[in-house]
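Here the structure comes first, spelled out in structure tokens, and everything after it is commentary.
So you know, we letter chains A, B, ... as the sequences are listed, proteins then strands, and number each from 1. Keep in mind that the numbers below use all heavy atoms, side chains included, and drop hydrogens, waters and symmetry copies.
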2 protein chains.
Amino acid sequence: MATGRTHRPATRSRGIPEATVARLPLYLRALTALSERSVPTVSSEELAAAAGVNSAKLRKDFSYLGSYGTRGVGYDVEYLVYQISRELGLTQDWPVVIVGIGNLGAALANYGGFASRGFRVAALIDADPAMAGKPVAGMPVQHTDDLERIISDNGVSIGVIATPAGAAQQVCDRLVAAGVTSILNFAPTVLSVPDGVDVRKVDLSIELQILAFHEQRKAGEDAATDDGAPAPAVAKDHRKGPDGDVPAVMPA
Amino acid sequence: MATGRTHRPATRSRGIPEATVARLPLYLRALTALSERSVPTVSSEELAAAAGVNSAKLRKDFSYLGSYGTRGVGYDVEYLVYQISRELGLTQDWPVVIVGIGNLGAALANYGGFASRGFRVAALIDADPAMAGKPVAGMPVQHTDDLERIISDNGVSIGVIATPAGAAQQVCDRLVAAGVTSILNFAPTVLSVPDGVDVRKVDLSIELQILAFHEQRKAGEDAATDDGAPAPAVAKDHRKGPDGDVPAVMPA
DNA sequence: AGCTGTGAAAGAATTCACAGCC
DNA sequence: GGCTGTGAATTCTTTCACAGCT
């Protein structure tokens, strides 16, 4: 299988756009659902609907992977599942550690989707000695002291940080030093990492704030029009709020 | 965003690009930290570093809000905190309901950052009668039967779905029917909603899959390409047998 | 001198629309 | 007839680089 494999015509360079990569899991999920219902083939239109995108985008995305469809027919579901899985690296097993077993960490450990597709929780790690040995989601929590050994023993390259914000950077540094090169960060902090390490963050409060922004827009279709220009006489001396309301601090 | 052909150019919103909106919470967090340290002003360079973006992007982002800086000096921290908060709609209070109080829902309910900035958990809702009345994060869980009343009584416009995938669409429909117009979805499902309703999703397994993609790429430009993958010597002109001859793999 | 604000250029992502194959 | 695959057009985002204010 070494030589001559090349499933994809090297015509399209290895560069799959990031936006496309981010959608592959979506397609994969939709395809898996079809597969479970034993649907043999699917059109770009149908699959796009199931994945919540439009069909032109889906076809373009797939075109970066290769020509895996059949004109006039559509895509073979099983085949595509395999191709996308392979592209995403899900044909191999990824051991993952979760650091920070509080409410969120425990919830993640219990999350089924975690183990489901290529990922395996190799260890749960927490700094609290009182947690050590306690079983969470069927595994004993281990102490941070052993972090380096755990990473190394299990060949972990993906770490999940679910600690409080204050501890996140330190944990991150240790993970990286121990060999982790991909981090999923749930702590509300910007992590700094060396080149070659990927960080993705999941941040509840950011998502809510984005929703609030749009929500506010909806609410004031007409009321907000008066605020067209930036603060009048911007050069104005220190913050003299647009409506005379001196902004103290944020509402708690 | 969301499903359906939301032809509405999300960028609409008074001309602030969506990509910028998504970064405002980041800036706000960095600014809040500076504010707590009583730092009076900050340059675009410093703030950008704290927020994990580059300074040109930050300045461009702020330019959509107005001219809130001072040339040669930088930005007044308090003033900017106020302006961004206002822009994001955080100067008002947003009651939020969480539906689905399992591991994740409970973790979300306990999450401090939730309540911190403009958001208030108005109710926890679960379909399990056994949960009803049980206190989680200091609030009694309420039953799904009362969902509509709860939404309406509290004027809730933002809902968080943390149910299993199978229940998500139904919960979503009820939330929307009851008046919710923004949804944060933690269930691994594509929700379909009418126009005018915003959906954002947070999906652990998608994030991990994206990391795996990049991880795989790092791991080997040459090695670990294919290992025992059952797929036949598939290629472009693969069979599309009407019989049942498929790769039939991808257990995951 | 220092730093913001912003046009203009460059780069990505999305959408169109249709040629090409089944 | 139906549907994929893809150049071309369009739209969105990022980056550059410098004019202009303090």
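- For B:K57, taking side-chain heavy atoms from C-beta onward, the closest of the listed nucleotides D:dT15, C:dC22, C:dA13 is D:dT15.
- You'll find that the side chain of A:Y64 is closest to C:dT14, out of D:dG5, D:dC3, C:dT14.
- Counting all heavy atoms, side chain and backbone alike, B:G15 lies closest to B:Y64 at O-CD2, 4.2 Å.
- Applying the 4.0 Å criterion to OP1 and OP2 of C:dT4, one finds that B:S44 has a side-chain N or O inside that range.
- Residue B:Y75 is classed as a sugar-phosphate contact, given heavy-atom separations below 4.0 Å to backbone atoms only.
- A close approach under 4.0 Å does not occur between any side-chain nitrogen or oxygen of B:R59 and OP1 or OP2 of C:dG7.
- Between B:K60 and C:dG5, a side-chain N or O to OP1/OP2 separation shorter than 4.0 Å is absent.
- The ring of A:Y68 has its center closer than 6.0 angstrom to the ring center of A:Y79.
- Between the P atom of C:dT15 and the CZ atom of A:F62 lies a distance of 16 Å, rounded to the nearest Å.
- The existence of a salt bridge linking B:R59 and B:E45 is excluded, since no basic side-chain nitrogen approaches an acidic carboxylate oxygen closer than 4.0 Å.
- Computed from coordinates, the A:Y68 OH to D:dT6 C1' distance equals 17 Å when rounded to whole Å.
- Going from atom CG of B:L47 over to atom P of C:dC3 covers 14 Å, rounded to whole Å.
- When the P atom of C:dC22 is taken as reference, atom CG of A:D76 falls 16 Å away, rounded to whole Å.
- Toward the 5' end of DNA chain C, the nearer of the two residues A:A56 and A:E18, judged by each one's closest nucleotide, is A:E18.
- Rounded to whole Å, the distance from CG on A:D61 to P on D:dT6 is 13 Å.
- One interatomic measurement links the two molecules: CD1 of A:I16 to P of D:dT6, which rounds to 14 Å at whole-angstrom precision.
- Of all the heavy atoms in A:G159 and A:V180, the pair that sits closest is N-CG1, 3.7 Å.
- The two residues A:F119 and B:A212 have their closest heavy-atom pair at CZ-CB, 3.8 Å.
- Across the protein-nucleic acid pair, B:E45 atom CD and C:dA1 atom P stand 18 Å apart, rounded to whole Å.
- For D:dT22, the base has no donor-acceptor partner in the side chain of B:R71 [N/O atoms by modelled type, under 3.5 angstrom].
- Taking 4.0 angstrom as the limit, A:N54 places a side-chain polar atom (N or O) nearer than this to OP1 or OP2 of C:dT15.
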